[in-house]
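Accompanying notes for the structure given below.
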Amino acid sequence: MLILRDAHAGLTRFEQFRKSLGIAPTMLTKRLGALVAASVLARRVYSESPTREEYVLTEAGRDFLPVLMMLGAWSQRNCGENLARYMDGETGLEIQPIGVDAVTGAKLGSRPIRMSQSSE
């Protein structure tokens with residue numbers, strides 16, 4: 001999730017991720033590979049000589065942003081106040097994410113729910 005957080009913040013290169021996360025290169029290589037295999041990130045060549053690649057978000061990776069924002073909001077409420085916050089790039093105001101059901105418009109958690117098995 002931290003790699004995806006950094007990718008959403010604009011990081012694309014291996015060294016940028018390594019510096020931000022402070023993890024061993026072998027571990028980062030493994031995690032980036034798993035995200036590429038899961039089609040959440042894609043490799044893109046940015047230099048031919050020598051060949052260098054960067055990591056960019058796929059549609060599935062971009063689709064994960066609301067999840068990151070909701071987890072961040074939960075962390076702010078329950079784990080401490082000195083955590084990174086998402087800010088609106090135009091207004092400068094802190095984003096206060098909420099989950100809403102697209103069908104009813106109801107805030108998630110405000111109505112009873114039940115689980116259902118998906119049918120194939």
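From a predicted model like this one, the values you see are computed outputs, not experimental measurements.
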[X] side chain to [Y] main-chain N or O, any donor-acceptor pair under 3.5 Å?
X   : Y   : value
D63 : E59 : no
T58 : V40 : yes
S20 : Q16 : no
H8  : G61 : yes
T29 : P25 : yes

For this session: Applying side-chain contact (heavy atoms from CB on, under 4.5 Å), run through V45 and R52 and close with a yes or a no.
Result: CA-CA 6 Å; V45 174; R52 302 245 188 237; over 6 Å; no

Cluster check [X], [Y]: I/L/V/M/F/W/Y, side chain < 4.5 angstrom:
X   : Y   : result
V56 : L32 : no
M27 : V36 : yes
V67 : L35 : yes
Y46 : I3  : no

For this session: Decide yes or no on side-chain contact (heavy atoms from CB on, under 4.5 Å) for L2 and I23, but give the supporting numbers first.
Result: CA-CA 11 Å; L2 296 178; I23 62 174; over 6 Å; no

For this session: Considering non-hydrogen atoms only, spot the tightest contact between A73 and P97 and give its length.
Result: CB-CG, 3.7 Å

Problem set entry | Minimum-distance pair of heavy atoms, taken over all atoms of M1 and L68 | O-CD2, 3.8 Å

Problem set entry | With sequence neighbours excluded, residues passing salt bridge (charged side-chain N to carboxylate O under 4.0 Å, His left out) with R18 |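 Once residues adjacent in sequence are excluded, the partners of R18 under the salt bridge (charged side-chain N to carboxylate O under 4.0 Å, His left out) criterion are E15.
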
Problem set entry | Criterion side-chain contact (heavy atoms from CB on, under 4.5 Å) against R5, the qualifying member of L21, L11, L71 |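 Of the listed options, the one satisfying the test is L21.
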
Exercise. Out of Y86, W74, F64, which residue meets the side-chain contact (heavy atoms from CB on, under 4.5 Å) rule with M69?
Worked result: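 Only one option passes, and that is Y86.
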
For this session: Decide whether a cation-pi geometry holds between R13 and Y55; the criteria are a distance under 6.0 Å from NZ or CZ to the six-membered ring centre and an angle within 45° of the ring axis.
Result: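 That pair does not qualify as a cation-pi contact.
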
Exercise. Would you find more than 12 non-hydrogen atoms of other residues, nucleotides or ligands less than 6.0 Å from R44 atom CZ?
Worked result: no

Exercise. With a cut-off of 6.0 Å (strictly less than), are more than 12 heavy atoms of other residues, nucleotides or ligands near CE of M70?
Worked result: yes

